Amino acid sequence: MLTTLWARQIAHLPKCANSGVACAPSFLAVTQPPPQFSLVHRASFRSQHSQLTSAAGPLMAERELIGKDKLVLRGLQFHGFHGVKQEEKTLGQKFAVDVDAWMDLSTAGETDSIYDTVSYTDIYRIVKDVVEGPSQNLLESVAHRIASATLLKFPQISAVRVEVKKPHVSVPGIIDYLGVEIVRYRKDMAGISP
C-alpha cells in the first residue's frame with residue numbers, strides 16, 4: 001500500500017535527462033510557493049492516514065506522527081510528592097515534564113486565531129494540576145493522568161506524548177534523571193478516565 005502511495009506521489013515529477021527516473025530540480029523547492037490545500041485534499045489525506053494507521057497498528061501510527069503538526073512544551077518543572085518511598089511522599093521533590101500534543105495546526109496558521117488551536121497555557125495547567133496534585137506511587141500513573149486529561153479536555157488533539165522525569169533519585173551512580181515516556185492516542189482512550 002505504501003509503495004502505491006509513493007508511486008502516485010512521484011508520478012507527476014519530470015524525468016531526469018540521462019536516467020529516465022523521476023527527479024525534482026532542487027530550485028523548485030525554493031522558488032515555488034507552497035501548495036494551497038483545499039478541504040477535499042485535507043479530507044483525502046486524513047482518509048489515507050486513517051487507513052495506514054488502522055492497517056499497520058500502533059508502531060505505524062507512531063511513525064505517522066513524525067513530522068506532523070504538534071504543540072510542544074519542554075522542561076516544565078514542579079514540586080510533587082510522587083514515589084513509593086515514604087520520604088518522597090513526605091518531603092516531595094522536583095519533577096520535569098515534556099509534552100507533545102499532535103493536532104492539525106493549518107487552520108490556526110491561516111487565521112492567526114487562538115480559537116483555532118489549543119493554548120499552551122491550558123496544557124501547562126493540566127500538567128501542573130497533576131504533578132502538584134494527589135500523590136501517585138508511579139511516574140507511569142502521573143504520565144497517564146496528564147495524557148488522559150489532555151485528550152479528554154481537547155478533542156482536537158489526536159495524540160499526546162508525555163515524558164515525566166525525576167532528576168533527584170537515590171541511585172548509586174551519576175544520572176541526569178530517571179523517568180517514563182508514554183504516547184496515547186485518542187482512539188485508544190475510549191472509556192478511560194484521567
Side-chain angles (χ1 to χ4, degrees), residues 49 53 56-109 111-194:
H49 179 267
T53 301
L59 181 59
M60 184 63 181
E62 190 168 338
R63 287 183 185 153
E64 283 294 305
L65 292 175
I66 296 171
K68 302 291 185 239
D69 298 353
K70 67 181 175 179
L71 301 173
V72 177
L73 291 83
R74 292 287 182 268
L76 286 59
Q77 295 185 22
F78 307 97
H79 189 83
F81 297 87
H82 311 290
V84 293
K85 296 180 180 175
Q86 187 55 45
E87 57 269 19
E88 293 177 302
K89 294 185 178 297
T90 306
L91 301 173
Q93 62 189 298
K94 180 173 82 171
F95 293 87
V97 179
D98 294 339
V99 177
D100 291 322
W102 282 270
M103 64 178 287
D104 183 356
L105 299 175
S106 60
T107 302
T111 64
D112 195 29
S113 172
I114 188 69
Y115 300 108
D116 292 322
T117 189
V118 171
S119 172
Y120 307 107
T121 57
D122 289 339
I123 297 174
Y124 177 91
R125 282 188 201 105
I126 289 172
V127 176
K128 179 178 172 55
D129 289 346
V130 171
V131 177
E132 293 182 350
S135 176
Q136 304 297 314
N137 289 327
L138 302 177
L139 294 183
E140 291 85 341
S141 180
V142 175
H144 174 79
R145 289 169 182 268
I146 293 168
S148 297
T150 302
L151 288 170
L152 288 172
K153 183 167 184 177
F154 303 110
Q156 61 272 54
I157 294 177
S158 60
V160 64
R161 182 192 70 85
V162 178
E163 184 176 9
V164 181
K165 302 176 248 188
K166 255 181 167 175
H168 306 295
V169 182
S170 177
V171 294
I174 299 171
I175 60 162
D176 287 335
Y177 64 86
L178 299 177
V180 300
E181 179 178 325
I182 65 169
V183 177
R184 297 291 181 265
Y185 301 90
R186 171 160 307 287
K187 63 182 179 58
D188 298 330
M189 297 304 291
I192 296 177
S193 60

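Only this structure's heavy atoms are used, side chains among them; waters, hydrogens and symmetry mates stay out. These figures come from a predicted structure and were not determined experimentally.
Rounded to the nearest 0.5 angstrom, Tyr120 OH and Leu76 CG are separated by 12.5 Å. Here OG of Ser135 is found 13.5 Å from CD of Glu132. Values are rounded to the nearest 0.5 Å. Atoms CD and NE2, from Gln93 and His168 in turn, are 8.0 Å apart once rounded to the nearest 0.5 Å. The CD1 atom of Ile114 lies 5.0 Å from the OG atom of Ser119; values are rounded to the nearest 0.5 Å. Taken from CG in Leu151 to CD1 in Ile157, the straight-line distance is 6.5 Å, to the nearest 0.5 Å. A distance of 14.5 Å separates OG in Ser158 from CZ in Arg184, rounded to the nearest 0.5 Å.
Between Ile146 and Ile182 there is no side-chain heavy-atom pair separated by less than 4.5 Å. Between Phe154 and Ile123 the shortest side-chain heavy-atom distance falls below 4.5 Å. Between Val118 and Met103, some side-chain heavy-atom pair lies under the 4.5 Å cut-off.
Under a 4.0 Å N-O distance rule, the pair Lys68/Asp100 does not qualify as a salt bridge.
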Run the salt bridge (charged side-chain N to carboxylate O under 4.0 Å, His left out) check on Lys70 and Asp104 step by step: do they pass?
CA-CA 7 Å; Lys70 67 181 175 179; Asp104 183 356; over 6 Å; no
Stepwise salt bridge (charged side-chain N to carboxylate O under 4.0 Å, His left out) test for Lys165 and Asp98
CA-CA 9 Å; Lys165 302 176 248 188; Asp98 294 339; 2.8 Å; yes
Side chain to side chain contact (heavy atoms under 4.5 Å, CB included) between Val130 and Lys128, intermediate numbers included
CA-CA 6 Å; Val130 171; Lys128 179 178 172 55; over 6 Å; no
Chi angles and distances behind the side chain to side chain contact (heavy atoms under 4.5 Å, CB included) call for Thr150, Val162
CA-CA 10 Å; Thr150 302; Val162 178; 5.9 Å; no
Report the C-alpha distance between Val97 and Val99 in whole Å, list the side-chain angles of each, state the deciding distance to 0.1 Å, and finish with yes or no for side chain to side chain contact (heavy atoms under 4.5 Å, CB included).
CA-CA 7 Å; Val97 179; Val99 177; 3.9 Å; yes
May I have the step-by-step check of side chain to side chain contact (heavy atoms under 4.5 Å, CB included) for Phe95 and Val164, ending in yes or no?
CA-CA 7 Å; Phe95 293 87; Val164 181; 4.3 Å; yes
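Partners of Tyr177 according to the ring-ring contact (aromatic ring centres under 6.0 Å, His included) rule, which considers only residues two or more places apart in sequence or in another chain, do not exist here. Residues meeting the side-chain contact (heavy atoms from CB on, under 4.5 Å) test with Leu178, sequence neighbours left out: Val169, Val171, Ile175.
Between the side chain of Thr107 and the main chain of Asp116, no donor-acceptor pair closer than 3.5 Å is present. Between the side chain of Glu88 and the main chain of Lys85, a donor-acceptor pair closer than 3.5 Å is present. Under the 3.5 Å distance criterion, the side-chain polar atoms of Thr117 are left unmatched by any main-chain donor or acceptor of Ala108. Distance alone, capped at 3.5 Å, places no donor-acceptor pair between the Lys94 side chain and the Pro167 backbone. Within the 3.5 Å criterion, the main-chain N or O of Val131 finds a donor-acceptor partner in the side chain of His82. Arg161 contributes no side-chain N or O that, together with a main-chain N or O of Ala101, makes up a donor-acceptor pair within less than 3.5 Å.
Scanning all heavy atoms of the two residues, the minimum distance from Ala96 to Gln77 falls at CB-CG, 4.3 Å. Heavy atoms only, all atoms of each residue included: Ala147 and Val160 are closest at CB-CG1, 3.6 Å. Ala149 approaches Ile126 most closely through the heavy-atom pair CB-CG2, 3.7 Å.
The aromatic ring centres of Phe78 and Tyr124 sit less than 6.0 Å apart.
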